[in-house]
Amino acid sequence: QTCALPICSPCEFMANPHAIEILGELRRKTSATLRICTNGTKLEESTIARLEEVAPVYLDVSLNSTSPYRRSALMGDDHPETAIRSPALLKKYGIPYSVTVVMWPFPSLEQALEDLAATAAYAEDNLAVLVQVNLPGYTRFFTPRPSFNMEMVWGRTVEYVQGLRERVACPIRSEEHTSELQ
């Protein structure tokens with residue numbers, strides 16, 4: 001059983017082979033921090049070293065898990081180690097970043113919560129600015145019937161995140177993303 005989401009989203013800026021050059025052009029026009037959202041699949045050390053050249057940059061890394069199995073199952077990532085290694089490399093190069101986790105209750109909510117704790121600790125060890133926990137959801141366009149008890153998953157996740165705040169020094173927050181689609 002997997003819940004794979006498309007890994008090559010049209011929103012994945014770093015998938016563009018000219019991403020660093022584009023950022024270089026932007027850097028010539030502004031000194032503002034360039035904020036980049038990425039799923040981490042392209043964050044190899046050579047890429048991160050090049051990001052340092054266009055600093056200041058800030059990355060939102062959709063890590064979702066530090067477990068290769070779980071990340072692969074959730075995201076369809078054939079090489080999860082690249083994204084999983086990226087926080088340590090961002091720390092090495094002094095590039096600020098946040099980690100995003102979508103709390104899919106896969107393979108179970110308890111396993112997902114344990115994985116969240118491990119991912120938050122890893123983010124903290126690698127100096128993440130923030131861990132953003134997105135509460136999962138779906139619409140009738142995603143599945144004709146509910147995949148899980150959303151109210152229960154949201155409640156347990158928010159409660160768990162509140163408890164994690166006492167164990168992890170890195171700021172951690174949960175957030176719901178609602179949509180007009182129902």
Side-chain angles (χ1 to χ4, degrees), residues 4-67 70-72 74-77 79-104 115-137 154 157-158 161 164-165 168-181:
L5 303 173
I7 198 72
C8 290
S9 155
C11 298
E12 178 54 49
F13 175 72
M14 297 306 294
N16 184 321
H18 305 289
I20 302 297
E21 289 79 15
I22 293 168
L23 292 172
E25 289 296 319
L26 284 171
R27 177 54 60 226
R28 285 186 269 291
K29 296 179 183 289
T30 182
S31 61
T33 300
L34 304 175
R35 188 167 185 176
I36 304 161
C37 295
T38 178
N39 62 29
T41 58
K42 302 295 182 183
L43 293 180
E44 296 168 340
E45 185 162 9
S46 60
T47 302
I48 291 172
R50 293 190 65 205
L51 283 172
E52 183 184 40
E53 296 169 9
V54 295
V57 295
Y58 181 94
L59 275 67
D60 291 296
V61 181
S62 185
L63 188 58
N64 289 307
S65 179
T66 55
S67 158
R70 187 165 152 73
R71 182 173 163 87
S72 288
L74 291 171
M75 300 182 71
D77 190 346
H79 302 285
E81 62 282 347
T82 301
I84 293 168
R85 201 173 25 246
S86 69
L89 293 170
L90 292 165
K91 174 185 172 183
K92 175 181 175 180
Y93 286 90
I95 297 174
Y97 69 98
S98 63
V99 164
T100 303
V101 175
V102 178
M103 269 306 299
W104 287 107
D115 184 64
L116 172 60
T119 301
Y122 180 72
E124 175 184 35
D125 290 345
N126 288 291
L127 306 180
V129 173
L130 171 72
V131 175
Q132 170 69 45
V133 180
N134 294 326
L135 300 173
W154 282 24
T157 300
V158 168
V161 166
L164 272 179
R165 290 181 183 143
V168 178
C170 177
I172 183 169
R173 71 177 196 185
S174 57
E175 185 173 305
E176 78 178 72
H177 291 274
T178 58
S179 169
E180 295 300 313
L181 298 175

Problem set entry | Pairs meeting criterion salt bridge (Lys or Arg N to Asp or Glu O under 4.0 Å) with involvement of residues 18-27, two or more places apart | Glu21-Arg50, Glu25-Arg28
Exercise. Do Ile95 and Val57 have side-chain heavy atoms sitting under 4.5 Å apart?
Worked result: yes
Seminar exercise, completed: Closest non-hydrogen contact found for Leu63 with Pro87 is CD2-CG, 4.1 Å
Problem set entry | Sub-4.5 Å side-chain heavy-atom contact between Ile36 and Leu23 | yes
Exercise. Going by atom types alone, do Asp60 and Thr100 pair a side-chain donor with an acceptor below 3.5 Å?
Worked result: no
For this session: Would you confirm whether Trp104, through its side chain, and Gly137, through its main-chain N or O, come within 3.5 Å as a donor-acceptor pair?
Result: no
Problem set entry | Distance-minimising heavy-atom pair for Asn39 and Met75 | CB-CE, 3.8 Å
For this session: Identify the two heavy atoms, one from Val99 and one from Ala128, that lie closest to each other, and give their separation to 0.1 Å.
Result: CG2-CB, 4.4 Å
Problem set entry | From Arg85 atom CZ to Leu90 atom CG, the distance as rounded to the nearest 0.5 Å | 12.0 Å
For this session: Supply the atom-to-atom distance Leu89 CG to Ile48 CD1, rounded to the nearest 0.5 angstrom.
Result: 4.5 Å
Exercise. Hey, does Leu43 have a side-chain heavy atom less than 4.5 Å from the side chain of Leu59?
Worked result: yes
For this session: Taking side chain to side chain contact (heavy atoms under 4.5 Å, CB included) as the test, write out the residues that go with Ser31, two or more places apart.
Result: none
Exercise. If you take all heavy atoms of Leu164 and Ala120, which pair is closest and at what distance?
Worked result: CD1-CB, 4.4 Å
For this session: Report yes if some heavy atom in the side chain of Phe13 is under 4.5 Å from a heavy atom in the side chain of Ile22; otherwise report no.
Result: yes
Exercise. If you round to the nearest 0.5 Å, how far is OG of Ser98 from CZ of Arg35?
Worked result: 6.0 Å
Problem set entry | Inter-residue atom distance Glu124.CD - Thr119.OG1, 0.5 Å rounding | 13.0 Å
Exercise. Just how far is it from atom CZ of Arg71 to atom OG1 of Thr82, taken to the nearest 0.5 Å?
Worked result: 8.5 Å
Exercise. Does the side chain of Asp115 come within less than 4.5 Å of Val101's, by heavy atoms?
Worked result: no
Exercise. Of all heavy-atom pairs between Asp125 and Lys91, which one has the smallest distance, and what is that distance?
Worked result: O-NZ, 3.2 Å
Exercise. Can you tell if the side chain of Glu45 reaches within under 4.5 Å of the side chain of Tyr93, non-hydrogen atoms only?
Worked result: yes
Exercise. So which heavy atom on Val102 is nearest to which on Arg70, and how close?
Worked result: O-NH2, 4.4 Å
Exercise. Could you state the interatomic distance from CE (Met14) to OG1 (Thr38), rounded to the nearest 0.5 Å?
Worked result: 6.0 Å
For this session: Please answer whether the main-chain N or O of Ile84 pairs with a side-chain N or O of Thr66 as donor and acceptor at a distance below 3.5 Å.
Result: no
